[in-house]
Amino acid sequence: AQSVTQLDSQVPVFEEAPVELRCNYSSSVSVYLFWYVQYPNQGLQLLLKYLSGSTLVKGINGFEAEFNKSQTSFHLRKPSVHISDTAEYFCAVMRVTGGGNKLTFGTGTQLKVEL
Amino acid sequence: GAGVSQSPRYKVAKRGQDVALRCDPISGHVSLFWYQQALGQGPEFLTYFQNEAQLDKSGLPSDRFFAERPEGSVSTLKIQRTQQEDSAVYLCASTQGLGNQPQHFGDGTRLSIL
């Protein structure tokens, strides 16, 4: 089975400051990795994904993440946040084979950007 | 439609009542997923369809939960004899094909059981 740990339930940050949201995963098989964002009363929107190749992936809204296989991590970063980035962020994994393409999510990190 | 559509957006039911939640996936999308998101938690997988075939229902919490997709497009998640612990947001997602394609999510149905 797979599991995802997001250690920080809340991350406050000032506008224009950098931010890192941490994600660690556990799996006995190869996985794909995803970050989703959820605004209040909305569904999830894909920010970025790692399938293979370069371990640094860039997504929408200026976010990027780096896959580190040895540390089983996929931390999300943004060099300068905006008020509009305030939302819940979820890290997720999907088995490469045999998992039926279902996603396993972490518990989420609430990013609160302050003026 | 342009995106995944779910209805109703909000549903309040008394304990013991049956409810039905609807999902309209993006037109032509083969795969459809249901997730349950409890308050303050990440979504948890319930079930998965490929066209009309339900290939995985391992996440359904009990036999009170039933999902169908009879014509391979619209899907309905039914919960019988609802309990308070069923209160959650139910999310539907679809993908165009198979494999690692990103899942497109609807805005969910917020179910409250009184």
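Each chain gets a letter, A, B and so on, in the order the sequences are listed, and its residues count up from 1. Predicted model only: the values in this text are computed from it and were never measured.
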(request) Heavy atoms only, distances under 4.5 angstrom: which of Val4(A), Thr107(A), Asn101(A) has the most pairs with chain B? Name it, please. (result)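 The answer is Asn101(A).
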(message) For residues 50-61 of chain B, give me every residue with a non-hydrogen atom less than 4.5 Å from any non-hydrogen atom of chain A.
(response)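 Expected list: Asp56(B), Ser58(B).
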Between [X] and chain B, with a heavy-atom cut-off of 4.5 Å, which part of the residue counts as in contact: side chain, backbone, both or neither?
| X | value |
| --- | --- |
| Gln45(A) | neither |
| Lys49(A) | side chain |
| Leu44(A) | both |
| Leu103(A) | both |
| Tyr39(A) | neither |

(request) Would you give the length of the straight line joining atom CD of Gln42(A) to atom CZ of Phe105(B), rounded to the nearest 0.5 angstrom? (result)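 If we round to the nearest 0.5 Å, Gln42(A):CD and Phe105(B):CZ are 13.5 Å apart.
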Hydrophobic clusters here meaning ILVMFWY residues chained together by side-chain heavy-atom distances under 4.5 Å, can you tell me if [X] and [Y] are in one?
| X | Y | result |
| --- | --- | --- |
| Ile60(A) | Leu111(A) | yes |
| Val11(A) | Phe90(A) | no |
| Leu76(A) | Phe14(A) | no |
| Met94(A) | Tyr25(A) | no |
| Leu47(A) | Val31(A) | yes |

If you count the non-hydrogen atoms of other residues, nucleotides and ligands that lie under 6.0 Å from [atom1] in [X], is the total more than 12?
| X | atom1 | value |
| --- | --- | --- |
| Arg15(B) | CZ | no |
| Glu20(A) | CD | yes |
| Leu114(B) | CG | yes |
| Glu85(B) | CD | yes |

(request) Would you mind checking which part of Gln103(B) comes under 4.5 Å of any heavy atom in chain A, side chain (CB onward), backbone (N, CA, C, O), both or neither? (result)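 Both backbone and side chain of Gln103(B) come within 4.5 Å of chain A.
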(message) Using ring centroids (six-membered ring only for Trp), state whether Phe105(A) and Phe45(B) fall under 6.0 Å.
(response)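 When the ring centroids of Phe45(B) and Phe105(A) are compared, they turn out to be at least 6.0 Å apart.
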Please determine, among [options], the option with the most heavy-atom pairs under 4.5 Å with chain A.
| options | value |
| --- | --- |
| Pro43(B), Cys92(B), Ala93(B) | Pro43(B) |
| Gln101(B), Gln37(B), Arg110(B), Gln6(B) | Gln37(B) |
| Gly108(B), Pro102(B), Gly40(B), Ser31(B) | Pro102(B) |

